[in-house]
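Residue numbering restarts at 1 for every chain, and letters A, B, ... go by the order of the sequence lines.
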Amino acid sequence: MITIENLCLSYGKIKVIESLDLTILENTINGVVGLNGSGKTTLLNAIYGLKSVESGTIRWQGEKVTKKVISYLVTEPFFYSNITGNEYLSLFKNSSFDTNKWNELFHLPLNQIIDEYSTGMKKKLAVLSVLKQDKPIMILDEPFNGLDIETCRIIRSVLLRLKEKGKTIIITSHIIETLTNLCDYIHFLEGGKILFSKEKNEFEEFEKELFQNLENKSAQLIMELLG
Amino acid sequence: MLVNLLNIRFKQAYREILKIGLFRIAVLLGLAIMVFFFLFMQASQLPNASYASIAILLLIVVLHIKRGDRLFLRINFNSYKWVYFVEYTLVTFPFLIFLMIHSYWYLALSMVFALGIIVQLDFKINRISYNTRIQRWIPSQCFEWKSGARSSFILIVCVWLIGLLLSFFVGSVPISMMVLGVISLNFLENGEPYQMLVAYEKAPNKFLLLKIRQQVVLLSIVCAPLLLSFLVFHYQLWYIPLLILLVFCVLQVYATFVKYSFYEPNSSSPAAQLLLGVGIVSFMVPVLVPLVFLLTFRFYFKAKQNLNFYLNDYH
């Protein structure tokens with residue numbers, strides 16, 4: 001279980017996360033949703049340890065969470081120039097990981113230099129590296145961005161299987177349907193706080209009402225601006 | 001528009017200066033004064049004034065070819081060439097003043113005219129990457145070398161072969177080793193994504209030790225044939241290539257510490273590049289050699305501290 005208690009985080013004077021409490025159960029897929037700038041990526045960075053927290057604790061099975069137990073997929077993966085896909089993957093230690101077998105799912109030219117990859121191919125490579133790390137917690141920030149439908153389906157199946165094998169997965173996406181199909185729990189982040197956490201079925205009912213409210217607000221503003 | 005852009009440039013420069021720190025600014029200011037004084041002296045007589053003008057123009061050409069904001073300027077400014085021209089004139093302005101003080105008006109005007117030609121050059125040198133079997137011999141963990149050996153492949157092979165084939169000339173091997181040493185130092189220019197850093201699963205000091213070992217071993221392997229061929233022809237001068245190798249091994253240690261002192265994922269630090277340049281120059285001026293050792297010592301702790309943020313879980 002991941003327990004986040006009273007988490008506070010700022011960028012300079014701007015408070016991004018304020019007194020956030022969240023519990024994430026083991027062997028579950030958890031979606032974190034929220035509007036742009038609601039603090040989703042900051043929260044994930046804090047869990048992974050890429051952003052120093054001002055106060056609060058993040059624990060995994062009662063102990064301070066460390067990078068040793070987390071593999072993290074960032075929204076826009078960046079790669080060192082002039083190395084091949086195979087060379088990148090070989091940096092991550094996991095002797096039981098059969099790269100070629102896994103690549104049958106993703107069809108990447110692993111002996112080619114990464115700079116020659118398309119955006120989608122780079123994303124697939126980043127996903128492969130996360131899978132190779134094989135850590136108990138997987139954090140995936142917008143994993144479906146820039147990927148074709150087939151690859152999205154493959155990743156979805158892989159994640160569901162990984163959950164069955166005991167992984168705890170935290171995932172963000174702005175495509176709500178993807179999350180409602182995949183996640184066991186959905187946590188809605190607003191103004192740096194968890195507004196609510198709901199199980200998948202509960203969220204589906206709540207979703208329409210929530211987004212209808214947001215849409216109404218926007219519609220009002222558009223009318224004001226454009227007449 | 002132009003004034004706004006120049007304003008942004010000054011702000012960018014100000015931010016970079018803040019990153020460098022007060023002590024290093026003082027050192028750099030001292031160096032800058034020395035350079036200005038040197039240029040002022042060179043501008044006082046011919047032909048040195050002409051040579052200095054040519055050297056500065058060549059630097060501007062390199063800057064123009066390497067600058068990464070050309071697409072941005074072309075999209076956002078109709079008169080982007082005018083922007084280049086103003087920027088380059090500002091950069092060369094002190095030297096233009098020196099030339100005018102010494103009444104070399106025609107040289108100053110020629111320089112301004114040359115700047116006008118340089119801004120018309122509208123190309124970018126794309127380094128071709130060579131993905132050959134040779135790079136596969138380099139271990140994957142030494143990704144800086146893998147990457148560098150691809151981007152500078154032709155240059156490395158040419159320098160190495162020239163050094164080896166002309167090793168019967170006494171200067172051939174030392175010069176080749178020095179060029180290869182400088183090229184290999186540049187491999188450390190770019191910061192890797194933090195995922196690659198964390199992938200080593202090592203504490204900062206062990207990570208730094210591993211990096212240094214990789215750098216020194218690979219440089220020694222590349223230089224070994226050159227060194228041996230030098231010994232065949234000039235065995236009485238055995239200490240020269242050994243000394244050069246030793247100097248560049250020390251510089252590899254220094255460069256590794258500098259890189260990770262200023263490490264930020266996915267970027268190259270101007271401060272680190274500047275300090276690397278200071279390190280290389282210091283070895284050419286014997287009085288400044290202790291400075292490299294002092295800075296190496298200083299940056300070891302800074303690198304450890306900086307890496308601790310990413311690798312603190314691996315203690």
Side-chain angles (χ1 to χ4, degrees), chain A residues 45-53 58 60 63-94 97 99 109-117 122 125-135 137 139-141, chain B residues 68 126-153 156 186-204 207 210-211 214 259 263-268 306-315:
Chain A
N45 282 343
I47 296 173
Y48 186 69
L50 276 184
K51 182 87 182 91
S52 314
V53 298
I58 305 170
W60 160 250
E63 302 223 341
K64 187 179 171 277
V65 74
T66 69
K67 292 183 186 76
K68 288 178 188 173
V69 294
I70 305 175
S71 49
Y72 185 18
L73 175 80
V74 291
T75 322
E76 286 176 26
F78 184 93
F79 297 95
Y80 202 76
S81 64
N82 286 313
I83 60 168
T84 66
N86 256 332
E87 286 161 7
Y88 178 72
L89 289 175
S90 65
L91 283 172
F92 302 94
K93 294 163 201 161
N94 183 353
F97 187 84
T99 306
L110 289 176
N111 283 323
Q112 210 171 302
I113 292 170
I114 303 170
D115 308 47
E116 294 161 8
Y117 284 18
K122 284 181 183 169
L125 183 66
V127 171
L128 260 181
S129 75
V130 166
L131 292 171
K132 189 176 179 186
Q133 288 170 56
D134 192 29
K135 291 178 178 175
I137 305 170
I139 299 179
L140 312 169
D141 195 1
Chain B
N126 284 320
R127 275 192 183 174
I128 303 164
S129 290
Y130 290 89
N131 190 10
T132 68
R133 283 177 189 278
I134 293 175
Q135 285 101 5
R136 286 180 209 164
W137 294 344
I138 304 168
S140 286
Q141 282 208 327
C142 314
F143 56 85
E144 292 100 338
W145 274 75
K146 269 190 180 287
S147 170
R150 284 196 177 104
S151 61
S152 311
F153 184 68
I156 292 169
N186 280 318
F187 294 168
L188 294 166
E189 194 180 355
N190 295 321
E192 60 270 36
Y194 67 85
Q195 292 94 333
M196 292 173 83
L197 202 71
V198 177
Y200 286 87
E201 298 182 2
K202 285 195 185 302
F207 173 80
L210 175 76
K211 281 281 160 193
Q214 288 173 351
K259 176 187 170 179
Y263 169 79
E264 271 179 36
N266 320 331
S267 64
S268 60
N306 193 28
L307 285 174
N308 204 37
F309 180 73
Y310 302 95
L311 303 175
N312 58 347
D313 293 333
Y314 295 98
H315 278 294

Item to complete: Name all residues meeting the ring pair (Phe, Tyr, Trp, His ring centres under 6.0 Å) criterion together with B/F143; count only those two or more places apart in sequence or in a different chain, and write none if there are none.
Response: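 Residues passing ring pair (Phe, Tyr, Trp, His ring centres under 6.0 Å) with B/F143: A/Y80.
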
Discussion item. Holding to ring pair (Phe, Tyr, Trp, His ring centres under 6.0 Å), I want the full list of residues that pass it with B/Y310, two or more places apart in sequence or in another chain.
Written reply: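 B/Y263.
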
Can you tell me which portion of [X] sits under 4.5 Å from chain B's heavy atoms? Options are side chain, backbone, both or neither.
{"X": "A/S71", "value": "neither"}
{"X": "A/S129", "value": "neither"}
{"X": "A/F79", "value": "backbone"}
{"X": "A/D115", "value": "neither"}
{"X": "A/K51", "value": "backbone"}

Worksheet item: Only one of A/V74, A/L140, A/I139, A/I70 clears side chain to side chain contact (heavy atoms under 4.5 Å, CB included) with A/V130; which?
Response: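 For A/V130, the side chain to side chain contact (heavy atoms under 4.5 Å, CB included) test succeeds with only one of A/V74, A/L140, A/I139, A/I70, which is A/L140.
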
Fill in: Which portion of B/Y194 sits near chain A, non-hydrogen atoms under 4.5 angstrom
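Answer is side chain: those atoms of B/Y194 sit under 4.5 Å from chain A.
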
Discussion item. We want to know whether A/T75 and A/D141 form a side-chain donor-acceptor pair, criterion being a heavy-atom distance below 3.5 angstrom.
Written reply: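 There is such a pair (donor and acceptor under 3.5 Å, judged by atom type) between the side chains of A/T75 and A/D141.
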
Fill in: For chain A, the option from B/Q141, B/M196, B/E144 that forms the most heavy-atom pairs under 4.5 Å
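So the answer, after comparing B/Q141, B/M196, B/E144, is B/M196.
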
Practice prompt. Mind running side chain to side chain contact (heavy atoms under 4.5 Å, CB included) on B/L311 and B/Y200 for me, showing each step along the way?
Written response: CA-CA 9 Å; B/L311 303 175; B/Y200 286 87; over 6 Å; no

Worksheet entry | For B/G148 against B/I156, the heavy-atom pair lying closest together |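 What the structure gives for the nearest pair is O-CD1, 4.2 Å.
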
